[in-house]
Structure formats: C-alpha cells, structure tokens
Amino acid sequence: MILYPAIDLKDGKAVRLYKGEMDQATVFNDDPAAQAMEFVEAGCEWLHLVDLNGAFAGEPVNAAPVEAILKRTKVPAQLGGGIRDMATIENWLSKGLARVILGTVAVENPDLVREAAKEFPGHVAVGIDARDGRVATKGWAEETDVMVTDLAKSFEDAGVAAIIYTDINRDGAMQGPNVEATAALANAVSIPVIASGGVSSLDDLRALKNCGAPLNGAISGRALYDGAIDLKEALELLKA
C-alpha cells in the first residue's frame, strides 16, 4: 500500500478542513512547496494535492503553489479540485503532474472521464466523495442521489488509474476511516481504490491494510501535520 500525504491548498497555503467546511480551515504551512519537501525527505513516494478553492470555483485557483511543488519535488503527485475540462487536464499533465483527479465531472460529464482516460492512460483518477453512501460534488457542497458503488462500477471499462474514495464525515475529524465502506467498494470493482478521510493513526493504516480488500493506498493529512502519525513509521508499516 502507498501512503499519500495530503496537501490541501486554500488561498495559497497548506491547510486542513474539518469535514470539508471551508470556514473551518487550519493553516499548517504558508509554504506548500516546503511542506511537500518535508514529506519527500521523510521518504514518501507520492503526494496528494487538492485545490480547495478550485473545487468550488470549477477551475484551477491555486495553480502557483501546485507548480512550485511540482518544480521542487521529484516524486509523482496527483491533484484534484477544479479540473473539469480537457484543456485543464492537458495543461496539468504537461506541467509534470502524474495524475489528475476528476470528481464533480465524473458525475456531471462521465464522457469526459472516459475521453481523458483513453487519451492519457494511467494519468486519470476518479475522486468519489460521499456522505452516507451518496456522492457529493462541487467541493462537497452539493449532494446527489448517486450511490458510490454505482458510480465506481460505471467506470470499470474506462481505463481509469484509480478511485480515490473519501468519506466526508470522517475527513479531518481524526475519527478513523470508514474501513467497512472502503473495503466494500474495493471488493466491488477491479479499479484500484485509495482510501481517504479520517486516517488518523497507525492503527487506522493497519486496519485498512488488513481490511480484506486490495487497497492501492491511503491518504492522510491532519494526522501527519499534528504528529499523530509518524510518516516514517507509517511508510514502514505499509511496505511490510
């Protein structure tokens, strides 16, 4: 399993939200690129980036800090938030991003996901963010009637690289991930699944690793900033 340290970007800074609420943001670093280097120097092999402002605006807002991270670090990075058309996908991949994460458009324009996955094999992931099993879009501000597993299964033949599954009610809350729902999703589809939301201890990572489903990895944010998870210990645990 891969550990993806999360760098959530709001107004050019690295922050963490509480359950996706933009007005409940804690700033952890004014220099996101320096934060990224800390994670890389500790041994992480991937970075997970989110343009929070972009998710609400529907277009990239924190491009400058993302580009600074891509210039300073040599590990692959994936980015979500405000990526809703082919031109934006092409632009980010041309700048050295390893993987774009398509969330809102996966619900509103699934054909774009298919087109992008075909055009850029291995570089397109689907972000599925959910409350109580139902998918939320537009920076988690809008809820839909679409069920998580139904959306995931609709992309089985599209060639997407991964599904990033976030339980919104667990995100930033330090209450542990929704292991049961994550495992159920991973067992329901052949697409690699990455767990997100609430990963707050080594025990959480251990539970995901031993959940009975072939997870690709887990994303953690606040717990790494708070020191609740030691990054080096976590990396060793997931590689063992």
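Numbers for residues simply follow the sequence, beginning at 1. The structure displayed is predicted, hence computed values, not measured ones.
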TODO: Drop me the distance from D167's CG to Q175's CD, to the nearest 0.5 angstrom.
DONE: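 One finds 10.0 Å between CG of D167 and CD of Q175.
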Task: Spacing of CD belonging to E119 relative to CG belonging to L112, to within rounding of 0.5 Å - done: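 E119 atom CD to L112 atom CG measures 11.0 Å (nearest 0.5 Å).
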Excluding sequence neighbours, so at least two apart, what forms side chain to side chain donor-acceptor pair (under 3.5 Å) with [X]?
| X | value |
| --- | --- |
| K239 | E45 |
| K13 | none |
| E236 | none |
| D31 | none |

- [ ] Heavy atoms only: give me the nearest P5-C44 pair and the separation to one decimal.
- [x]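 Closest approach of P5 to C44: CG-CB, 3.7 Å.
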Connected via hydrophobic side-chain network under 4.5 Å: [X] and [Y]:
| X | Y | result |
| --- | --- | --- |
| I229 | L238 | yes |
| Y4 | M1 | no |
| L208 | I168 | no |

Partners meeting side-chain contact (heavy atoms from CB on, under 4.5 Å) with [X] (sequence neighbours left out):
| X | answer |
| --- | --- |
| D111 | N109, R114 |
| A188 | T149, K153 |
| T88 | P60, I83, D85, W92 |
| E90 | M86, F120 |

Task: Qualifying ring-ring contact (aromatic ring centres under 6.0 Å, His included) pairs, either residue in residues 208-240, two or more places apart - done: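 Listed by first then second residue: F28-Y225, F39-Y225.
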Open item on the list: Can you tell whether the side chains of K138 and E108 come within less than 4.0 Å, N to carboxylate O?
Closed with: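 Result for this pair is yes, salt bridge flagged.
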TODO: List for me each residue that meets salt bridge (Lys or Arg N to Asp or Glu O under 4.0 Å) alongside E67, sequence neighbours excluded, and say none if there are none.
DONE: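 Partners of E67 by the salt bridge (Lys or Arg N to Asp or Glu O under 4.0 Å) criterion, ordered by chain and then number, come out as K95.
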Open item on the list: Under the rule for salt bridge (Lys or Arg N to Asp or Glu O under 4.0 Å), what residues qualify as partners of R222, not counting sequence neighbours?
Closed with: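 Expected list: none.
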Task: V124 and R99, any side-chain heavy atoms less than 4.5 Å apart - done: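 Not touching, per the 4.5 Å side-chain cut-off.
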- [ ] Would you please test Y18 and D23 for side-chain hydrogen bond (donor to acceptor under 3.5 Å, both in side chains) and show each step?
- [x] CA-CA 9 Å; Y18 178 72; D23 60 354; over 6 Å; no
Considering only distance and modelled atom types, tabulate donor-acceptor pairs under 3.5 Å from the side chains of residues 194-203, sequence neighbours left out.
from : atom 1 : to   : atom 2 : distance (Å)
S196 : OG     : T166 : OG1    : 3.1
S200 : OG     : G198 : O      : 3.3
S200 : OG     : D204 : OD2    : 2.9
S201 : OG     : D203 : N      : 3.3
S201 : OG     : D204 : N      : 3.1
D203 : OD1    : R206 : NH1    : 2.6

